[in-house]
Amino acid sequence: MRIAIAPTEAEGTAIAARVLMERFEQGKALGVATGSTPLGLYEKLREAHAAGEFTLSGSSAYALDEYIGIDADHPERYRNVLATELVGEDKTGLKDEDLYTPDGLADDPAQAAADYEEAIAPGVDLQILGIGSDGHIGFNEPGGSLASRTHIGVLTEQTRTDNARFFDNDIDKVPTHCLTQGLATIMGAKKLLLLAFGEKKAEAMKQVIEGPVSAFWPGTILQHHPDVTIVLDEAAAGKLQLADYYKAIWDSWNK
Ligand code: GLP
């Protein structure tokens, strides 16, 4: 794992944008995450696109997950969130028909999961990831299979509480089910770029970086991936035992 620990979220976001623009092969498939964490990164990509330094024109983008049963025009439907952030010449150049999201409105969600798994094969070039406070990536909640493929997931109470802020702070409005890339699907990406900011993520990041690999902290599976870059701020790195060592390594490679 390559671990960058930035003083602030803004500086971490700038590092993540640099890593993505250096390492994502334009024209290939980019795995895109939702949640609030990558929003600053998407803003940087839009700026770089406006400056003519980066484009997703000619690339495709694949979402990690989608709520099941959310209204087609709901602003928190992940397809809509990602389209708002990325689609169009005035955004990153990504075309709407090149944005793939699991079909949370399908009559047969299990079939939609299988279809998505097929669409994403053999895996994206670079997958952007955030992480839930309970260590979930995508919507792979604690206790799920470490070898899962795209599937129907049930959100934990913790995740629905965390995400209630996007639904008028009303947990009853947060969907209960989702379609999510599985952990094995995510592990199929050539490169992974995980961002985590804030104290609320500190325990999850301690587990992901220094804990034992366990279905109880799904993000710990990343320890088995050969090409992971993790960008943290000081708050999210607050529980790491070897933070100074990781900083020294990062500095020695990024002089
Ligand atoms: C949601 C998404 C995850 C995301 C997580 C963290 O549950 N399904 O992909 O990583 O939220 O969200 P945030 O970045 O807002 O903390």
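Every number for a ligand or one of its atoms is a count from 1 in the order of the listing. Just so you know, these numbers come straight off a predicted model, no measurement behind them.
The 12-atom threshold is not exceeded at CG of D107, counting heavy atoms of other residues, nucleotides or ligands nearer than 6.0 Å.
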With the criterion set at N/O pairs under 3.5 Å, what does the list of contacts between the protein and ligand 1 look like, atom names and distances included?
{"from": "ligand 1", "atom 1": "7 (O)", "to": "H136", "atom 2": "NE2", "distance (Å)": "2.9"}
{"from": "ligand 1", "atom 1": "7 (O)", "to": "N163", "atom 2": "ND2", "distance (Å)": "3.4"}
{"from": "ligand 1", "atom 1": "8 (N)", "to": "D65", "atom 2": "OD2", "distance (Å)": "2.8"}
{"from": "ligand 1", "atom 1": "8 (N)", "to": "G138", "atom 2": "O", "distance (Å)": "3.3"}
{"from": "ligand 1", "atom 1": "10 (O)", "to": "I131", "atom 2": "N", "distance (Å)": "3.2"}
{"from": "ligand 1", "atom 1": "14 (O)", "to": "S36", "atom 2": "N", "distance (Å)": "3.3"}
{"from": "ligand 1", "atom 1": "14 (O)", "to": "T37", "atom 2": "N", "distance (Å)": "2.9"}
{"from": "ligand 1", "atom 1": "14 (O)", "to": "T37", "atom 2": "OG1", "distance (Å)": "2.4"}
{"from": "ligand 1", "atom 1": "15 (O)", "to": "S36", "atom 2": "N", "distance (Å)": "2.7"}
{"from": "ligand 1", "atom 1": "15 (O)", "to": "S36", "atom 2": "OG", "distance (Å)": "2.7"}
{"from": "ligand 1", "atom 1": "15 (O)", "to": "R165", "atom 2": "NH2", "distance (Å)": "2.6"}
{"from": "ligand 1", "atom 1": "16 (O)", "to": "K201", "atom 2": "NZ", "distance (Å)": "2.6"}

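With no hydrogens or angles considered, a side-chain donor-acceptor pair links R165 and S36 at under 3.5 Å. For N80 and E76, the side-chain atoms include no donor-acceptor pair closer than 3.5 Å.
In this structure, K190 has no side chain to side chain donor-acceptor pair (under 3.5 Å) partners at least two apart in sequence or on a different chain.
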Take Y78 and Y67 through the test side chain to side chain donor-acceptor pair (under 3.5 Å) and record every step on the way to the result. CA-CA 7 Å; Y78 285 164; Y67 292 113; 3.2 Å; yes
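No salt bridge links R46 with D90; every basic N to acidic carboxylate O contact stays at or beyond 4.0 Å.
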